Protein chains: 2
Amino acid sequence: MQLTVIWNIVPRMTRETYKKPDYEKALRKAGIRITRPRRVILSILGETDDHPDALEIFRRAVAIDSSISLSTVYRTMKLLEGLGAIHRHAFEGGPSRFEQAVGEHHDHLIDMESGDVIEFHSEKIEQLQNEIARELGYEIVHHRLELYGRRIK
Amino acid sequence: MQLTVIWNIVPRMTRETYKKPDYEKALRKAGIRITRPRRVILSILGETDDHPDALEIFRRAVAIDSSISLSTVYRTMKLLEGLGAIHRHAFEGGPSRFEQAVGEHHDHLIDMESGDVIEFHSEKIEQLQNEIARELGYEIVHHRLELYGRRIK
DNA sequence: AATGCAATTGCAAATCGTTTGCAAGAAGGA
DNA sequence: TCCTTCTTGCAAACGATTTGCAATTGCATT
């Protein structure tokens, strides 16, 4: 199977402008078959704002179509990740958690008590990272910045 | 078993000033028994400059004392981590890799071709992180910053 | 140096998250 | 509709790590 990054076929997509039919058309164009399980998983990813792990996605999927299997969830996540449609995050030990690749890049602040994930973005930090990498003779392909913190009362 | 962070009992330790006897004394003071396997693992951690994973530490340990088991390596890593004597890093999927907690905090730049890990530190980035967290109503307990890059030719 | 007991060990089996082989079942272009 | 290829569910395999257990060992105490 040959993978092409198709996410740019569906550009400027945000949580608000997200439309399933367009999305599926783009996938089909990239040679990906729209199956029942995939449609279910896609709809879950499109509707959530949190960062569920495979098991959680599986649970939600089963609630819609009980015949879906966990391996299909894993396979679909890997497929979508390869297409650039979702991002995988491995926070501190735990299982991978996924989020739809919507809008621009951001980093994460993890609430150590609740496990909540807060997204943020700092252009200044990004620039500093590039500077540092350049000084060391590298160009950054991607990065990971996670802040683990406690809510200030 | 009651754990106390003892690493500050052995302050200002650098790779150059590191002395096993002092180290072991500090551990004993914290109620940790210095066993043969632990002495071996400690010496490996003290001598290396890279970021070996448990299996690699196990291999090196076996070369010194063939009776050491992998589970003891894991148990010791967890113990030392709890004491603050080592840091655990989980880079992109792979197994945890460890490094002695020596000197001050630093982040990592991972060479995507070779897997090499380059350490760096930027006070500016640290400050920005604190600002961001504060704005979001959080105080940072710790963070993880990894740059994945390619060498510029 | 010998004693006693809790801490530590090695081993094998268990666990967790994830991947894979396989035969059966569906997608979608002709 | 037919045919080929992709996808699926299932169960078994997987890699990293943890655990239960009985045997061993460190070390504070005699």
Side-chain angles (χ1 to χ4, degrees), chain A residues 1-4 6 21 23-42 51-59 61-62 64-83 86 88-98 115, chain B residues 1-4 6 20-21 23-42 51-59 61-62 64-83 86 88-98:
Chain A
M1 178 181 51
Q2 244 298 77
L3 280 194
T4 332
I6 59 96
Y23 194 7
E24 297 189 351
K25 185 176 290 178
L27 287 172
R28 219 179 276 109
K29 194 154 290 174
I32 277 82
R33 290 188 183 170
I34 303 304
T35 64
R36 195 152 163 44
R38 282 179 186 167
R39 195 168 289 138
V40 170
I41 293 170
L42 248 5
H51 299 64
D53 59 28
L55 194 57
E56 176 59 26
I57 293 170
F58 171 65
R59 281 199 206 95
V62 162
I64 299 171
D65 175 348
S66 66
S67 76
I68 288 171
S69 80
L70 182 55
S71 13
T72 293
V73 172
Y74 276 110
R75 278 191 278 234
T76 303
M77 300 327 280
K78 178 163 282 186
L79 175 72
L80 295 177
E81 188 188 7
L83 293 171
I86 59 168
R88 171 194 301 264
H89 303 290
F91 300 124
E92 302 268 280
S96 290
R97 297 167 68 171
F98 306 90
Chain B
M1 177 180 50
Q2 244 299 75
L3 281 194
T4 332
I6 58 95
K20 263 165 284 183
Y23 194 6
E24 298 189 352
K25 186 177 290 179
L27 287 171
R28 221 179 276 109
K29 195 154 289 174
I32 278 83
R33 290 190 182 169
I34 304 304
T35 65
R36 195 152 164 44
R38 282 179 186 167
R39 209 183 315 259
V40 170
I41 293 171
L42 248 6
H51 300 65
D53 61 25
L55 194 59
E56 176 58 26
I57 293 170
F58 171 65
R59 282 198 206 95
V62 163
I64 300 171
D65 175 348
S66 66
S67 76
I68 288 172
S69 79
L70 182 55
S71 13
T72 293
V73 172
Y74 276 110
R75 278 191 279 234
T76 303
M77 299 328 279
K78 178 164 281 186
L79 175 71
L80 294 177
E81 189 188 7
L83 293 172
I86 59 169
R88 171 194 302 264
H89 303 290
F91 299 125
E92 302 268 281
S96 290
R97 297 167 66 172
F98 305 90

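Since the model is a prediction, treat every value here as computed from it, not as a measurement. Each chain gets a letter, A, B and so on, in the order the sequences are listed, and its residues count up from 1.
OP1 or OP2 of D/dT17 has not a single side-chain nitrogen or oxygen of B/K78 nearer than 4.0 Å. An OP1 or OP2 oxygen of D/dT18 is reached within less than 4.0 angstrom by no side-chain nitrogen or oxygen of B/Y74. Taking only side-chain nitrogens and oxygens, A/R28 comes nearer than 4.0 Å to OP1 or OP2 of C/dG28. Taking only side-chain nitrogens and oxygens, A/S96 never comes nearer than 4.0 Å to OP1 or OP2 of C/dG17. Not one side-chain nitrogen or oxygen of A/T35 sits closer than 4.0 Å to the OP1 or OP2 atom of D/dC6. For D/dT7, one of the phosphate oxygens OP1 or OP2 lies less than 4.0 angstrom from a side-chain nitrogen or oxygen of A/R38.
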Side chain to side chain contact (heavy atoms under 4.5 Å, CB included) evaluation trace for A/L42 with A/L27: CA-CA 11 Å; A/L42 248 5; A/L27 287 172; 3.6 Å; yes
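Distance CG (A/L55) to P (C/dT18): 9 Å, rounded to an integer number of Å. Distance, B/I41 CD1 to C/dT8 P: 13 Å, rounded to whole Å. To the nearest angstrom, P of C/dA26 lies 14 Å from CZ of A/R39. As rounded to whole Å, 17 Å separates atom C1' of D/dC27 from atom CZ of B/R36. The separation between B/D65 atom CG and D/dT24 atom P is 16 Å, rounded to whole Å. For the pair A/F58 CZ and D/dT8 P, the computed distance is 14 Å after rounding to whole Å. Between B/I57 atom CD1 and D/dT17 atom P the separation is 10 Å, expressed in whole Å. Whole-Å rounding puts the A/E56 CD to C/dG17 C1' distance at 15 Å.
At least one donor-acceptor pair closer than 3.5 Å links the side chain of B/R97 to the backbone N or O of B/H51. Side-chain atoms of A/R28 never come within 3.5 Å of backbone atoms of A/I34 as a donor-acceptor pair (strictly under, hydrogens ignored).
Nucleic acid contact class of A/I68 (heavy atoms, under 4.0 Å, all strands): sugar-phosphate only.
When each of A/R33 and A/R75 is assigned the nucleotide of DNA chain C with its nearest heavy atom, A/R75 is the one assigned upstream, toward the 5' end. Of the two residues contacting DNA chain D, namely B/I34 and A/S69, the nearest-nucleotide position lying further toward the 5' end is that of A/S69.
Counting heavy atoms from C-beta outward, B/I41 and B/M77 have side chains that approach closer than 4.5 Å.
A salt bridge does not link A/K78 to A/E81: none of the charged nitrogens lies less than 4.0 Å from a carboxylate oxygen.
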